[in-house]
Chemist: 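Quick one: structure below, then a few questions.
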Protein chains: 2
Amino acid sequence: MSDRSPAQHSDMLLFLTDEQLRQGIEAMFFAYQGFTADPDRILAGMAYGRAHHRAVHFINRAPGTTVNNLLGILGVTKQSLNRVLRTLIEDGLVESKVGRVDKRERHLFLTEAGAELERKLSDAQRARMRAAYRDAGPEAVTGFRAVLEAMMDPNMRRKSSALKESST
Amino acid sequence: MSDRSPAQHSDMLLFLTDEQLRQGIEAMFFAYQGFTADPDRILAGMAYGRAHHRAVHFINRAPGTTVNNLLGILGVTKQSLNRVLRTLIEDGLVESKVGRVDKRERHLFLTEAGAELERKLSDAQRARMRAAYRDAGPEAVTGFRAVLEAMMDPNMRRKSSALKESST
DNA sequence: TTGGAAAGTCAATAAAGCTGACATATAATT
DNA sequence: AATTATATGTCAGCTTTATTGACTTTCCAA
């Protein structure tokens with residue numbers, strides 16, 4: 001179909017009314033509500049919230065990640081994260097190990113109990129994501145991902161594609 | 001089990017690894033961070049937060065909407081919304097008018113100052129959405145919207161397509 | 001050896017939500 | 001007319017999640 005240039009869209013004009021954009025904005029709002037609804041329900045019972053979910057998610061994703069790494073990813077302050085992390089460690093869901101090469105660093109890992117919670121939360125979220133993908137179809141998924149990537153802040157885009165574990 | 005049906009995707013199998021789903025989940029997380037970043041920055045200076053933004057957005061979208069309507073849309077409690085609404089009314093950004101047909105109801109409208117704030121916030125958000133749409137291309141937009149719709153809770157899906165103004 | 005980075009902590013504060021209880025005005029029903 | 005239900009508003013108290021600022025301990029690196 002492409003008869004020319006490498007740039008896929010640079011020669012296509014998108015006419016977007018404010019109304020269309022508003023619909024996109026609201027769709028994002030309502031979809032995010034749905035996106036977080038299941039984990040929120042699960043966490044509501046326990047003494048945990050969305051902040052704990054995010055920490056557990058990213059520690060699971062990048063075992064051994066340092067506190068500083070996590071701070072950058074979550075975009076919160078040291079003190080905020082520390083409170084969350086402290087309860088998770090106290091409750092035996094997260095383990096903090098002193099760095100071997102740089103002993104100032106703490107490397108974070110999920111314990112078996114932590115991994116279990118992570119599984120419970122992400123199972124729910126994956127189920128919804130899977131259902132949405134199924135309903136929308138394969139091509140929709142590609143488009144979905146493309147728009148989301150474009151909507152991120154550039155430095156976050158990097159983090160979302162590859163999460164580094166230790167030093168810069 | 002009909003092997004051919006009107007459903008567009010029922011006969012297509014989507015093989016989604018947990019890894020692919022996790023990427024989608026994270027993309028949603030980071031994209032939402034970006035999505036709210038600009039309004040957050042604008043609101044940071046003033047005495048307002050995301051809650052005020054949401055109220056102003058939906059009052060602008062559906063002028064004359066009642067408090068109860070707004071409660072349903074935002075999914076918060078009366079007390080939470082009321083605190084936000086009270087400051088907006090005190091500051092002269094929102095006007096509350098006693099219902100003509102049902103005098104128990106209060107119908108909410110933006111004042112000129114309220115409309116101005118709304119414009120400032122949504123301009124920023126629309127700009128980002130427009131940029132994302134442009135980067136991702138027209139077909140991506142369709143897919144993006146389809147997945148978001150599928151990800152919402154069903155009752156919210158209804159609200160996102162048509163926001164009713166007064167009584168049921 | 002000195003400077004700075006990584007992590008942790010304490011205190012004070014704020015935004016935004018929650019529950020529960022209660023009041024007022026008004027509509028609807030009996 | 002009396003009762004019940006609804007829409008709104010408000011008070012008090014609590015929780016979670018965030019903030020800023022100040023400070024300490026540990027430890028790497030110049």
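We name chains A, B, ... by the order of the sequence lines, and we start the count at 1 in each one.
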Chemist: Can you give the donor-acceptor pairs under 3.5 Å from side chains of residues 47-54 of chain A to other protein atoms, not counting sequence neighbours?
Modeler:
{"unit_1": "Y48(A)", "atom_1": "OH", "unit_2": "D91(A)", "atom_2": "OD2", "d": "2.3"}
{"unit_1": "R50(A)", "atom_1": "NE", "unit_2": "D40(A)", "atom_2": "OD1", "d": "3.3"}
{"unit_1": "R50(A)", "atom_1": "NE", "unit_2": "D40(A)", "atom_2": "OD2", "d": "3.3"}
{"unit_1": "R50(A)", "atom_1": "NH2", "unit_2": "T36(A)", "atom_2": "OG1", "d": "3.3"}
{"unit_1": "R50(A)", "atom_1": "NH2", "unit_2": "D40(A)", "atom_2": "OD2", "d": "2.7"}
{"unit_1": "H52(A)", "atom_1": "ND1", "unit_2": "G49(A)", "atom_2": "N", "d": "3.0"}
{"unit_1": "H52(A)", "atom_1": "NE2", "unit_2": "T87(A)", "atom_2": "OG1", "d": "3.3"}

Chemist: What is the distance, to the nearest angstrom, from the CG atom on N69(A) to the P atom on dA7(C)?
Modeler: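 Roughly 8 Å, once rounded to whole Å.
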Chemist: Between atom NE2 in H53(B) and atom C1' in dG17(C), what is the gap in whole Å?
Modeler: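 So the two atoms are 18 Å apart, to the nearest Å.
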Chemist: May I ask you to decide if the ring planes of Y32(B) and Y32(A) are parallel, tilted or perpendicular, using 30° and 60° as cut-offs?
Modeler: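 Rings of Y32(B) and Y32(A): parallel, as their planes differ by under 30°.
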Chemist: Under the salt bridge (Lys or Arg N to Asp or Glu O under 4.0 Å) rule, collect the residues that match up with R83(A), sequence neighbours excluded.
Modeler: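 R83(A): no salt bridge (Lys or Arg N to Asp or Glu O under 4.0 Å) contacts found.
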Chemist: Quick one: does Q79(A) reach the base of dG21(D) with a side-chain donor-acceptor pair under 3.5 Å?
Modeler: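 Looking at the base of dG21(D), it does pair with a donor or acceptor on the side chain of Q79(A) (distance under 3.5 Å).
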Chemist: Atom CG of L43(B) to atom C1' of dT19(D): distance rounded to whole Å?
Modeler: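 Computing the L43(B):CG to dT19(D):C1' distance gives 16 Å.
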Chemist: Rounding to a whole Å, what distance do you find between N68(A):CG and dA5(C):C1'?
Modeler: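 N68(A) atom CG is separated from dA5(C) atom C1' by 8 Å.
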Chemist: Looking at R119(B) and D18(A), does any basic side-chain N land under 4.0 Å from a carboxylate oxygen?
Modeler: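 A salt bridge is absent here (no side-chain N lies under 4.0 Å from a carboxylate O).
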Chemist: Along nucleotides 22-30 of chain C, 5' to 3', which nucleotides get a B, which get an S, and which get a -, given that the test is a protein heavy-atom distance under 4.0 Å?
Modeler: ---BBS---
Chemist: How long is the line joining CG of L71(A) and P of dT9(C), in whole Å?
Modeler: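 Spelled out: CG on L71(A) to P on dT9(C) is 14 Å.
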Chemist: For DNA chain C, which residues in residues 80-87 of chain A have a heavy atom at a distance below 4.0 Å?
Modeler: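 Only N82(A), R86(A) qualify.
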Chemist: Please name all residues satisfying salt bridge (Lys or Arg N to Asp or Glu O under 4.0 Å) with R104(A), sequence neighbours left out, ordered by chain then number.
Modeler: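 Result, salt bridge (Lys or Arg N to Asp or Glu O under 4.0 Å) vs R104(A): D102(A).
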Chemist: Given atom CZ of R50(A) and atom C1' of dT15(D), what is their separation to the nearest angstrom?
Modeler: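 Interatomic distance, CZ of R50(A) to C1' of dT15(D): 15 Å.
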Chemist: For the side chain of S122(B) and the backbone of E118(B), is there at least one donor-acceptor N/O pair under 3.5 Å apart?
Modeler: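 It does hold such a pair.
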Chemist: What is the distance, rounded to the nearest whole Å, between atom CG of L74(B) and atom P of dC18(C)?
Modeler: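 Nearest whole value for this atom pair: 10 Å.
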Chemist: Any idea which of dG8(C), dC18(C), dA7(D) is nearest the E105(B) side chain?
Modeler: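 Out of dG8(C), dC18(C), dA7(D), the nucleotide with an atom closest to E105(B)'s side chain is dA7(D).
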Chemist: Given dT17(D), is OP1 or OP2 found less than 4.0 Å from the side-chain N or O atoms of H52(A)?
Modeler: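 Result: yes.
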Chemist: Just the rounded figure in Å: distance from C1' of dT8(D) to CD1 of I89(B).
Modeler: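 In whole Å, dT8(D) C1' lies 11 Å from I89(B) CD1.
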Chemist: Angle class for the F30(B)/F58(A) ring planes (parallel below 30°, perpendicular above 60°, tilted otherwise)?
Modeler: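 It falls in the tilted class, 30° to 60°.
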Chemist: Taking only side-chain N and O atoms of T77(B), does any of them lie within less than 4.0 angstrom of OP1 or OP2 on dC18(C)?
Modeler: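 T77(B) to dC18(C) OP1/OP2: side-chain N or O found under 4.0 Å.
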Chemist: Mind checking what makes side-chain contact (heavy atoms from CB on, under 4.5 Å) contact with T111(A), not counting sequence neighbours?
Modeler: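 Partners of T111(A) under the side-chain contact (heavy atoms from CB on, under 4.5 Å) test: E95(A), A113(A).
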Chemist: Is a salt bridge present between E149(A) and R145(A), judged by a nitrogen-to-oxygen distance below 4.0 Å?
Modeler: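 So E149(A) pairs with R145(A) through a salt bridge.
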